[in-house]
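Worksheet for the structure shown next.
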Amino acid sequence: MKFFIDTANLAQIKEAQELGVLDGVTTNPSLMAKEGITGKDNILKHYVDICNIVDGDVSAEVISTDFESIIKEGEELAELHEQIVVKVPMIKDGIKAIKYFSDKGIRTNCTLVFSPGQALLAAKAGAAYVSPFIGRLDDISTDGLNLIAEIRHIYDNYAFETEILAASVRHTMHVIDCAKIGADVMTGPLSSIEGLLKHPLTDSGLAKFLEDYKKGN
Ligand code: E4P
């Protein structure tokens, strides 16, 4: 399973990249705003900065919602860097745009996916990635991981090439469960990646090894 980090924070992206297990980055307009990145030029520059840190795909989201504008904005984003994947919302004009981009060889990430039917449409339109939001479903008492399992089943039935990018991952158990189900990618905060390192028996075991080493030296 590929690990993407879901942030526009350059320091956190660097930290994950240095760990050596990072495969890409996802961003969205809210994450950009959280970092204080506003205005078109600053946002475009920030995408390039991210691409220059990470070795992998970087999702850059369009804010347009009609077909013509999505195409114009997406083409501009795709021109920025070869690592850019154009993130398009799961709406009618978004699906048309994903098909258009796919025919032109521009890779897309279909975002804000909350049902198996939406994921099926994204795959048929030729999205490179589909982003089902696990955490936001859990937030409304609906099993987000079950959606990942349903999409996995459907995509395997027809050998769709669209990669399942489990999004809105909130913690380490989401990561582990996504890996068990067979999501192709997960995107989450740095804490969901670094949290995988932790186990109290590792800490106490290491402390004991170091203590015993000191006794003998
Ligand atoms: C996906 O690409 C989104 O950026 C993201 O995972 C949303 O997560 P949230 O529900 O924690 O905001």
Side-chain angles (χ1 to χ4, degrees), residues 1-10 12-13 16 22-38 43 46-47 49-51 53-54 56-65 70 73-74 77-78 81 83-91 94-95 97-98 101 106-115 118-119 121-123 125 127-148 151 162-179 181 183-196:
M1 183 170 70
K2 292 183 207 163
F3 277 15
F4 286 6
I5 188 169
D6 194 33
T7 184
N9 182 291
L10 298 183
Q12 288 184 15
I13 295 169
L22 191 66
D23 301 296
V25 177
T26 50
T27 63
N28 63 43
S30 306
L31 292 171
M32 282 290 195
K34 191 175 163 197
E35 297 308 316
I37 315 295
T38 54
I43 290 172
H46 203 73
Y47 285 136
D49 290 345
I50 293 173
C51 289
I53 296 171
V54 70
D57 288 345
V58 174
S59 286
E61 187 159 345
V62 298
I63 48 152
S64 307
T65 53
I70 294 174
E73 200 187 338
L77 288 170
H81 201 284
Q83 287 165 234
I84 293 284
V85 173
V86 181
K87 207 172 178 191
V88 180
M90 165 44 75
I91 53 175
I95 284 297
I98 288 169
F101 286 135
I106 293 176
R107 293 176 309 139
T108 54
N109 172 357
C110 183
T111 191
L112 290 166
V113 166
F114 294 95
S115 77
Q118 290 178 324
L121 272 177
Y129 296 102
V130 65
S131 286
F133 279 35
I134 305 175
R136 292 192 192 188
L137 280 170
D138 288 354
D139 288 345
I140 57 159
S141 309
T142 303
D143 186 356
L145 288 163
N146 185 50
L147 175 60
I148 303 295
I151 299 171
T162 303
E163 292 190 58
I164 302 172
L165 196 174
S168 190
V169 159
R170 302 275 172 77
H171 48 70
T172 53
M173 282 313 295
H174 273 158
V175 178
I176 293 159
D177 286 332
C178 282
I181 293 167
D184 299 292
V185 191
M186 80 83 201
T187 190
L190 184 61
S191 59
S192 69
I193 298 173
E194 290 193 335
L196 298 170

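In listed order, ligands and their atoms are each counted from 1.
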*With distance as the sole test, does Thr162 use its side chain to make a donor-acceptor pair with the main-chain N or O of Ala127 at under 3.5 Å?*
yes
*Donor-acceptor pair, side chain of Glu194 and main chain of Leu190, under 3.5 angstrom*: no
*Which residue and non-hydrogen atom of the protein lie closest to atom 5 (C) of ligand 1, and at what distance in Å?*
Asp6 OD2, 2.8 Å
*Are side-chain heavy atoms of Asn109 and Glu61 found at a separation under 4.5 Å?*
no
*What protein heavy atom sits nearest atom 8 (O) of ligand 1, and how far away is it?*
Ser168 CA, 3.4 Å
*Which ligand 1 atoms, with their elements, are less than 4.0 angstrom from a heavy-atom of Ala167?*
1 (C), 6 (O)
*Quick one: look up the protein heavy atom nearest atom 11 (O) of ligand 1 and list residue, atom name and how far away it is.*
Arg170 NE, 3.1 Å
*Looking at atom 12 (O) of ligand 1, what's its closest protein heavy atom, distance included?*
Arg136 NH2, 2.8 Å
*Have a look at Phe4 and tell me which of Thr26, Ile193, Val54 forms a side chain to side chain contact (heavy atoms under 4.5 Å, CB included) with it.*
Thr26
*Protein contact of atom 2 (O) of ligand 1 - nearest heavy atom, named by residue and atom, plus distance*: Lys87 NZ, 2.7 Å
Show me the side-chain donor-acceptor pairs of residues 27-34 shorter than 3.5 Å, one per line, residues at least two apart or across chains.
{"from": "Thr27", "atom 1": "OG1", "to": "Ser59", "atom 2": "O", "distance (Å)": "2.7"}
{"from": "Asn28", "atom 1": "OD1", "to": "Ser30", "atom 2": "N", "distance (Å)": "2.9"}
{"from": "Asn28", "atom 1": "OD1", "to": "Leu31", "atom 2": "N", "distance (Å)": "2.7"}

